[in-house]
Amino acid sequence: MANLDVTVRHSGINFPGHLHTLKSLESAQTFKFHDTDTLIVTYPKSGTTWMQEILTIIYNDGNPQLANTTPNWLRSPWIEHYYCEDVVMNMLHQRTLTTHLPYHFLAKSLKQSNAKVIYVARNPKDIIVSFYHFHKMANFLPEPGTFGEFLEKFVTGEVNYGSWFDHIKEWINHRDEHNFLFITYEELIKDLRKSVIKLCNFVEHPLSPEAIDTIVRHCTFANMKENKMINYTLVPNEIMDQQRGKFMRKGVAGDWKEHFTEEQKQAFEKIYQEKLSDSNIVLAWTL
Ligand code: PPS
């Protein structure tokens, strides 16, 4: 399926038609989770691929072989993508799944299982920058226009996948549930080893210090950037134009400082305070 210019609209949110159909979005809402599933939840550009890579190697006891030989979309498929059913059919044991969907799409299904949920959050200003550059290379997303124009669309929730504010507000309400882990991209950047240990504890998959060392070595930005199984160079240029950017772009916290003008920063922070003031979000990043 290419459908590069198709947009699918569901419940007021736009999704790229290259990966979604109305049917696949409906199916995701009735997805049958197993108690042994681990679901990675992210707003795009928050550290999805990083978490997919870490969990793949945790569940393989520190052995990176699967991560080096199988694309991430086959080992941790997005449950809302049209191909998910076929992939999931062949997943026999522990399943690591991924979603960018808002909580209300999945609430009913999730409540019927004890699946573990890992929500990865990232400083929204860095998400905007990463998403902006991704729009330039991903031909299944609309042209982003100038950075200022894209920022405006992000703030109003007109971008594909909807409003980041709504996404985090809905999911974070569940952070105290026993099967829910909230972790940030910034925590991974700050101390990857500590984060891997935290993840091992959460998914109840303890590993030796040597296995943890292997994961930390494998999951550095420099190493992952070269891994064809996650850097999307396997995807045809017509879909992701590697001349216009790289999926594994910079991998840092705070790149927003290179993109936001002082005026844009102030305006965004004001909106951030307004939109999130009624929620108890204590976030690890300093805006
Ligand atoms: S997507 O399209 O939603 O699946 O994208 P996602 O994987 O969530 O986010 C991509 C950004 O994550 C960065 N990334 C990493 N940063 C640091 N270390 C590691 N190992 C790593 N792996 C992925 C990737 O570079 C994108 O961020 P930017 O800021 O664009 O570099």
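Counting starts at 1 for both ligands and their atoms, following the listed order.
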Salt bridge present between K270 and E274 (N-O < 4.0 angstrom)
yes

Treating N237 as the side-chain partner and Q242 as the backbone partner, does any N or O pair qualify as donor plus acceptor under 3.5 Å?
yes

Could you check whether any side-chain N or O of D255 sits under 3.5 Å from a backbone N or O of D126, counting only pairs where one atom can act as donor and the other as acceptor?
no

Pick out which of H10, H20, H81 makes a ring pair (Phe, Tyr, Trp, His ring centres under 6.0 Å) with F15.
H20

Which residues pass the side chain to side chain donor-acceptor pair (under 3.5 Å) test with W50, not counting sequence neighbours?
none

Identify the protein atoms, limited to N or O, that lie within less than 3.5 Å of an N or O atom of ligand 1, and list each pair with its distance to 0.1 Å.
from     : atom 1 : to   : atom 2 : distance (Å)
ligand 1 : 2 (O)  : K45  : NZ     : 2.9
ligand 1 : 3 (O)  : K45  : N      : 3.0
ligand 1 : 3 (O)  : T48  : OG1    : 3.4
ligand 1 : 3 (O)  : H100 : NE2    : 3.4
ligand 1 : 5 (O)  : K45  : NZ     : 3.3
ligand 1 : 7 (O)  : T48  : N      : 3.4
ligand 1 : 7 (O)  : T49  : N      : 2.9
ligand 1 : 7 (O)  : T49  : OG1    : 2.4
ligand 1 : 8 (O)  : K45  : N      : 3.2
ligand 1 : 8 (O)  : S46  : N      : 3.1
ligand 1 : 8 (O)  : G47  : N      : 3.0
ligand 1 : 8 (O)  : T48  : N      : 2.8
ligand 1 : 8 (O)  : T48  : OG1    : 2.4
ligand 1 : 16 (N) : Y185 : OH     : 2.7
ligand 1 : 20 (N) : W50  : NE1    : 3.1
ligand 1 : 20 (N) : C219 : O      : 3.1
ligand 1 : 25 (O) : R249 : N      : 3.4
ligand 1 : 27 (O) : R122 : NH1    : 3.3
ligand 1 : 27 (O) : S130 : OG     : 3.4
ligand 1 : 29 (O) : R122 : NH2    : 3.0
ligand 1 : 29 (O) : R249 : NH2    : 3.0
ligand 1 : 30 (O) : S130 : OG     : 2.7
ligand 1 : 30 (O) : R249 : NE     : 2.8
ligand 1 : 31 (O) : K250 : N      : 2.7
ligand 1 : 31 (O) : G251 : N      : 2.8

Between H18 and Y82, a side-chain donor and acceptor under 3.5 Å
no

